[in-house]
Amino acid sequence: MEEGAADLRQRRKQNCTESDKMAPEERHKENSKLGRSPKYMLIQRFAKLFFGCLAAVTSGMMYAVYLSTYHERKFWFSSRQELEREITFQGDSAIYYSFYKELLKAPSFERGVYELTHNNKTVSLKTINAVQQMTLYPELIASVLYQASGSEEVIEPVYFYIGIVFGLQGIYVTALFVTSWVMSGTWLAGMLTVAWFIINRTDTTRIDYSIPSRENWALPYFACQVAALTGYLKKNLNCSAEKFCYLLVSASTYTFMMMWEYSHYLLFVQAVSLFLLDSFALAQSEKVHEVYKIYMFSLFLGYLLQFENSALLVSPLLSLVAALMLSKYLQMNVKKGTFMSRLLKIMYIYLVLTVTLTLNLLLKMFVPHKENEHLLKFLEIKLGLNTTKNFTMNWLLCQESLQAPSQDFFLRLTQSSLLPFYILVLIICLFSVTQVVFRRICGEPLKETVKLEDGRIGERPEIVYHVIHTILLGSLAMCLEGMKYLWTPYVCMLAAFGVCSPELWMTLFKWLRLKAVHPILLALILSMAVPTIIGFSLWKEFFPRIMTELSELQEFYDPDTVELMTWIKRQAPVAAVFAGSPQLMGVIKLCTGWMVSSLPLYNDDDLLKRNENIYQIYSKRSAEDIYKILTSYKANFLIIEDSICNEVGPVRGCRVKDLLDIANGHVVCEEGDSYAYSKYGRFCHEIKMNYSPYVNYFTRVYWNRSYFVYRINTVISFQS
C-alpha cells in the first residue's frame, strides 16, 4: 500500500509539473501564431479576470440589496414594533431566531452555549441539547459576530441576523456566477445565470418564506464548494490554482456539513456523481479520490464537533466513501495486466455498491441511532412499499414540498425560457458524454487538451460531473417538489453555460456536419448572439415586473396574533406551559419566552409523538382524554386555533382533523363514501359550547377572532 501511495504522489507531482510547464509553452505558441506579444496577452487576461470578478461580486451584492428591499416592502419591517417583527418568523424559523435572542441575552457567550446545550426552559419535562438537535451553529456564529463587532450600538439584532442571511444569498449567487463562468470561459454566462436565478426566485430559493431556515445558511457554502470542485476537476490546471480549489473545496464542504443536518444526503448525491465520473475514467482518478478524503475528514470532524452525532456514522455518504477507498486499495495492490485486475475493473461498480450496502447495514446494526428514522419510513410509504394510518407520516405526505411538482412549476420555467434551453444543453452534453463513454469502452484514450474545433464537450470532466449531478438532482425534484430548491439553481447555471459556450455549439455543428458556413465562426457568433437575445428578452419582459414588485408596498399584519402574544406577556404566569399546534408554539416561544409543550421540529421521535398527541385537541375524543394528554406534559394553558378547527383544505383528507380521524379509526366507509364518526364530538368545537364535562376540565380565559385560550384546571369538579 505504501508503494502504491508513493507512486500516486509521484504521479501527481509529475502531472502538476508537466501542466505548469506545458501551459506557458502552449500559450506562447498560440500567441506567436496570432502575432500577439506576451505582455498584450497578460493585460488581456488580467482585464478579463478583473471585470469578471467585478461583475460576479456586483451581482451578488445587488441580489442581497434586492432581497433586503423586497423584505422591507413586504413586511414594513422598519416601521414595526419588535413584537410585530418577530411574528413574521413562523414555525421552525421562530425557534431558530429565539435561540439567537437567548444567546445575546446571556451574561457571557460561554454561559449562553451551556444553557443551549442543557436547555430545560423550552419544552416542558424535557432537557435538550438545542445546538445538536437543531443545528444552531449559524446562531452561534451570528451572536459572536454581533457582539465581537460592537454592533450593539449600531444595528438592532434582528437586522444584523437577516443581513447575514441576505449576504450569504449574495455569496450563493456569486458562486453560481463563477461556476458558469469557469465552465464556459465567459462571464456573460454568469450574468445570464444570475438573471434566470432572480426571475425564477419562486423556484430557486425559500428565502421569502423562511429566512432562518438551515438551507438558507448552508446552500451558499455548497454553491462555493461546487464552484471550487468545478475548477479542481478541470484538465491542465496549474499547481497554484489546483491547491486553491482543493483548499476551498475542503473548507466549504466541512462548513456546509456543520450548517445543515441533511447536508450529508446532498453530499452523497454529489459523491455518486463523482463515482460515476471516475468509473468511466472521464476524470483524473487521483483528484476524485482526494475529494473522497475530504468527505471522510469532514464526516469525522463533524461527528466530533456535533456532540458525536451518530447520524453521520450511519449516513450513506460514509458507507459509499469507505467502499470506494477500499476498492481503490484493492486495485492498487493487484498487479496490472493480471486476470484479477481485469476482473476488478469489470466488477468495480458492482463491488462498490455491494460493499456500500453491506457496510451501511452493519453500521446501523452496531451504532445506536434514532436520528432521521422517520425519513426511511416516509420513503417506504412514498414509494408505495408500505401503507400507514400514522398521523405524522400522513401529515408529512400531505405537505406541498413532499408532493410531486405541479404543472405550474414547469410552466414558470418555460415562460422564462429556462427549461427549453436547459433541455437543449442537457441533450447535447448527454449525447456527447455517451459518445466519449463508448470510445473509452473501445479503448480510445481521452485527449489531453480538447480544442474548440474538436467539438467534444463531453470529454471535459467538469462538464460530465455537472451533467450527472443535475440529472440526479432533477430525478429527486421530479419526486419531491421541495427538492426543486436544490435543482433549479443548477438548471440556471447549466443552461447559461451551454448557450454561452462555443464548444457546445461546435459539438452540435460537428454532428450536423455544416459545410456552408465555417462551424467555428458560427459557434463563436452564436455563443455571443443567443445569450444577448435571451438577456434582452428577459429584460424587456421581467425587469418591469421586478421593479413593480420592489415599489409596491405590501402589508403583513396579524392583529389577532399580536393581541394573543400581548395577553400572554401581561396575564400568564411566568412558569406557565402552553399547549397548541407546534407552529404556534414556535411563535409563542420567540415572542414571549414562555415554556411550550411541543415544537415544530421533525427530527426527534419524542417531539413527533408530542406533536401528534397535542394535535388530538382537534380530534373527536373526550374531554377526559384530552385533559390527561395535556396534564401529562404539565401544560397549564391550551390554545385552540380557529383556522385549524374550521379548516377547509383544498385536498380532502389532508386537513389536520381528517388525518386525526384516520389515525384514531374514526373514519367509516359506506357505499364508496367516507365520513368521520365517533361517540364524541370534535373537541375544538365542543369546548367552545361551555357545557359539562368540558367546563369541569377547562376554563376560558381569553379569546379573539382566531384564538381561544383555556386554563387547564388543577382542581376538577366531576359533576355533570
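We number each residue from 1, following the sequence as shown.
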| query | In Å and rounded to the nearest 0.5 Å, what is the OG to CG distance from S180 to L192? | reply | 7.5 Å

| field | Full working for salt bridge (Lys or Arg N to Asp or Glu O under 4.0 Å) between E290 and K293 | value | CA-CA 5 Å; E290 286 298 319; K293 291 176 185 177; 3.4 Å; yes

| Under 6.0 Å from the six-membered ring centre of Y96 and within 45° of its axis: does the NZ or CZ of R214 meet both? | yes

| query | Around M296, counting heavy atoms of other residues, nucleotides and ligands shown, do more than 12 lie under 6.0 Å from its CE? | reply | yes

| Just wondering, are more than 12 heavy atoms of other shown residues or ligands nearer than 6.0 Å to CE in M258? | yes

| request: Anything under 30° is parallel, anything over 60° is perpendicular, the rest tilted; go ahead and classify F222 against F256. | output: tilted

| So do the side chains of R201 and L67 get within less than 4.5 Å of each other, counting heavy atoms only? | yes

| query | Quick check: are there more than 12 heavy atoms from other residues, nucleotides or ligands sitting under 6.0 Å from CH2 of W217? | reply | yes

| Looking at L266, I171, L168, which hits side-chain contact (heavy atoms from CB on, under 4.5 Å) with L219? | L266

| task | Please test Q225 against Q270 for side chain to side chain donor-acceptor pair (under 3.5 Å), starting from the C-alpha separation and ending with a verdict. | result | CA-CA 11 Å; Q225 190 251 29; Q270 187 183 68; 2.7 Å; yes

| said: Using a 6.0 Å cut-off, check whether atom CD of Q399 has over 12 heavy atoms from anything other than its own residue. | reply: yes

| request: Identify the two heavy atoms, one from A175 and one from T179, that lie closest to each other, and give their separation to 0.1 Å. | output: O-OG1, 2.8 Å

| remark: Heavy-atom closest pair (S319 atom, T356 atom, distance to 0.1 Å) is CB-O, 3.5 Å

| query | Would you say F410 has more than 12 foreign heavy atoms packed within less than 6.0 Å of its CZ? | reply | yes

| query | Taking all atoms of both residues into account, what is the closest heavy-atom pair of P489 and L176, and its distance? | reply | CB-CD1, 4.0 Å

| said: Quick check on Y303: does its OH atom have over 12 non-hydrogen neighbours (other residues, nucleotides or ligands) under 6.0 Å away? | reply: yes

| Is it true that atom CE of M528 has more than 12 heavy atoms of other residues, nucleotides or ligands lying nearer than 6.0 Å? | no

| Side chains of D203 and T488: do they bring a donor and an acceptor to under 3.5 Å? | no

| query | Between V436 and R456, does a side chain to side chain contact (heavy atoms under 4.5 Å, CB included) hold up when you go through it step by step? | reply | CA-CA 8 Å; V436 174; R456 291 188 179 186; 5.5 Å; no

| field | Passing option when F280 is tested against D278, L282, L277 for side-chain contact (heavy atoms from CB on, under 4.5 Å) | value | L282

| task | Please report the shortest heavy-atom distance between Y221 and S252, naming the atom on each side. | result | O-CB, 3.5 Å

| Ring centroid separation Y137 to W260 under 6.0 Å | no

| Do K510 and P519 have side chains that get closer than 4.5 Å, going by heavy atoms? | no

| query | At their closest point, which heavy atom of C500 faces which heavy atom of A189, and how far apart are they? | reply | SG-CA, 3.5 Å

| task | If the plane angle is over 60° it's perpendicular, under 30° parallel, otherwise tilted; pick one for Y246 and Y232. | result | tilted

| Between CD on residue E481 and CG on residue L402, distance to nearest 0.5 Å | 10.0 Å

| task | Decide, yes or no, whether a salt bridge links K234 with E242 under the criterion of side-chain N to carboxylate O below 4.0 Å. | result | no

| said: Are F197 and Y63, when compared by the centres of their aromatic rings, separated by less than 6.0 Å? | reply: yes

| query | Can you tell me if S285 and K328 form a side-chain donor-acceptor pair at under 3.5 Å? | reply | yes

| message | Can you confirm whether the side chains of E261 and Q133 place a donor and an acceptor under 3.5 Å from each other? | response | no

| field | Stepwise ring pair (Phe, Tyr, Trp, His ring centres under 6.0 Å) test for Y422 and W487 | value | CA-CA 12 Å; Y422 167 73; W487 179 58; 5.7 Å; yes

| message | Tell me if the CZ atom of F509 is crowded by more than 12 foreign heavy atoms within 6.0 Å. | response | yes

